[in-house]
Engineer: 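Pasting in a structure now, in structure tokens, and then I'll have a few things to ask.
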Amino acid sequence: MVWLGVDLGDARVGLALSDPGITLAHPAGNIQVYGDSFRALDEVVDVIEDESVDHVVVGLPLLLSGEEGKSAKKARRWTVNLEKRLRVAVDDENYALKEVPSIELVDERLTTVTAHHQLFDAQVGGRKHRPMVDQQSAVVILQTAIDRRERPEERGL
């Protein structure tokens, strides 16, 4: 099993993948979107197919108050469109997808701040820093979801 984390940005959509045991998230690159994250949908479907993704975690950019603003509504629309594209891909014989992975929205408040801190701590700065923020934010989003999931060993199974 592999999970995909998605951070929807204005310039880039950051991606992160889990390890097969779903314990750790790692950066998986960016997709350039030039102000329109909906441009990334087909490429995300390709990543889902190529990496055999079972579950997708999309960051939900809530306001600090916890309310949903324009960005959160856009993330919800993006997620609905991703699911539609995945359904089409499952029915398309040109894709190897057999089923639509589950999709979850996760509160991403302050993930960009956390990503910046992690990159500074790793001494990644200058020109390398900005493009890495989106994929590192996706790592934070995905790792948050991984850490929050109920593990079978914690249920006594």
Side-chain angles (χ1 to χ4, degrees), residues 1-87 100-151 154:
M1 290 180 57
V2 174
W3 286 15
L4 174 69
V6 180
D7 176 56
L8 301 172
D10 291 328
R12 291 167 293 278
V13 170
L15 302 176
L17 289 166
S18 75
D19 63 320
I22 313 171
T23 54
L24 292 174
H26 60 87
N30 292 316
I31 300 170
Q32 291 296 136
V33 294
Y34 308 104
D36 183 5
S37 60
F38 289 87
R39 289 179 166 196
L41 286 166
D42 289 332
E43 289 183 61
V44 171
V45 169
D46 289 342
V47 169
I48 290 168
E49 178 185 31
D50 293 345
E51 300 294 336
S52 301
V53 171
D54 302 290
H55 186 70
V56 180
V57 180
V58 179
L60 182 65
L62 299 174
L63 301 173
L64 288 178
S65 66
E67 297 175 23
E68 289 191 18
K70 289 169 74 174
S71 294
K73 290 175 180 151
K74 181 179 176 182
R76 286 191 183 280
R77 283 193 318 275
W78 191 92
T79 301
V80 167
N81 281 295
L82 175 62
E83 186 172 1
K84 287 179 184 176
R85 297 257 177 118
L86 286 165
R87 289 190 190 288
V100 175
S102 56
I103 302 172
E104 162 185 19
L105 287 159
V106 172
D107 179 357
E108 71 160 67
R109 282 178 284 181
L110 303 177
T111 56
T112 301
V113 172
T114 302
H116 277 292
H117 286 295
Q118 289 174 345
L119 291 170
F120 284 129
D121 289 346
Q123 299 179 348
V124 177
R127 284 186 261 156
K128 291 183 177 182
H129 184 87
R130 189 66 219 158
M132 293 182 73
V133 168
D134 297 297
Q135 61 185 316
Q136 190 61 33
S137 293
V139 168
V140 174
I141 291 164
L142 181 55
Q143 192 64 53
T144 298
I146 289 170
D147 291 345
R148 288 184 180 164
R149 77 183 182 119
E150 187 177 354
R151 300 179 190 276
E154 292 172 358

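The first residue in the sequence is number 1, and the count goes up from there.
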Engineer: Distance from Thr79 atom OG1 to Leu60 atom CG, nearest 0.5 Å?
Structural biologist: 8.0 Å
Engineer: For Arg39 and Val33, work out which heavy atoms get closest and say how close.
Structural biologist: CD-O, 3.3 Å
Engineer: Measure the shortest side-chain to side-chain distance between Asp147 and Arg149 over non-hydrogen atoms and say whether it is less than 4.5 angstrom.
Structural biologist: no
Engineer: Among Lys73, Arg76, Arg77, find the one that has a salt bridge (charged side-chain N to carboxylate O under 4.0 Å, His left out) with Glu68.
Structural biologist: Arg76
Engineer: Tell me the closest heavy-atom pair linking Leu15 and Val44, and the distance in Å.
Structural biologist: CD2-CG2, 4.3 Å
Engineer: Could you tell me if the side chain of Gln135 sits less than 4.5 Å from the side chain of Asp7, heavy atoms only?
Structural biologist: no
Engineer: Determine whether Gln143 and Leu24 make a side-chain contact, defined as any pair of heavy atoms from C-beta on separated by less than 4.5 Å.
Structural biologist: yes
Engineer: Does Asp134 use its side chain to pair, donor to acceptor, with the backbone of Val13 at less than 3.5 Å?
Structural biologist: no
Engineer: If you take all heavy atoms of Val57 and Trp3, which pair is closest and at what distance?
Structural biologist: CG2-CE3, 4.2 Å
Engineer: Just so I know, are the side chains of Pro101 and His55 near enough to count as touching, which here means a heavy-atom distance under 4.5 Å?
Structural biologist: no
Engineer: Going by heavy atoms in the side chains, are Leu86 and Val45 under 4.5 Å from each other?
Structural biologist: yes
Engineer: Counting neighbours of CG on Asp19 that are heavy atoms of other residues, nucleotides or ligands and sit closer than 6.0 Å, is the number greater than 12?
Structural biologist: yes
Engineer: Under 3.5 Å, side chain of Trp78 to main-chain N/O of Ser37, donor-acceptor pair present?
Structural biologist: yes
Engineer: Please examine the side chains of Val56 and Leu82, heavy atoms only from C-beta on, and report whether any two atoms are closer than 4.5 Å.
Structural biologist: yes
Engineer: Do you know the tightest heavy-atom contact between Ala138 and Gly14?
Structural biologist: CB-O, 3.4 Å
Engineer: Can you tell me how far CZ of Arg85 sits from CD1 of Ile48, rounded to the nearest 0.5 angstrom?
Structural biologist: 11.5 Å
Engineer: Counting C-beta onward and ignoring hydrogens, is there a side-chain heavy-atom pair between Leu142 and Leu4 closer than 4.5 Å?
Structural biologist: no
Engineer: What pair of heavy atoms forms the shortest contact from Ile146 to Ser18, and how long is it?
Structural biologist: CD1-CB, 3.8 Å
Engineer: If you compare all heavy atoms of Gly59 against all heavy atoms of Ala75, which two are closest, and at what distance to 0.1 Å?
Structural biologist: O-CB, 3.8 Å
Engineer: So do Ser137 and Glu108 actually touch side chain to side chain, heavy atoms under 4.5 Å?
Structural biologist: no
Engineer: Dump the intermediate steps for side-chain contact (heavy atoms from CB on, under 4.5 Å) on Glu104 and Val58, then the final yes or no.
Structural biologist: CA-CA 6 Å; Glu104 162 185 19; Val58 179; over 6 Å; no
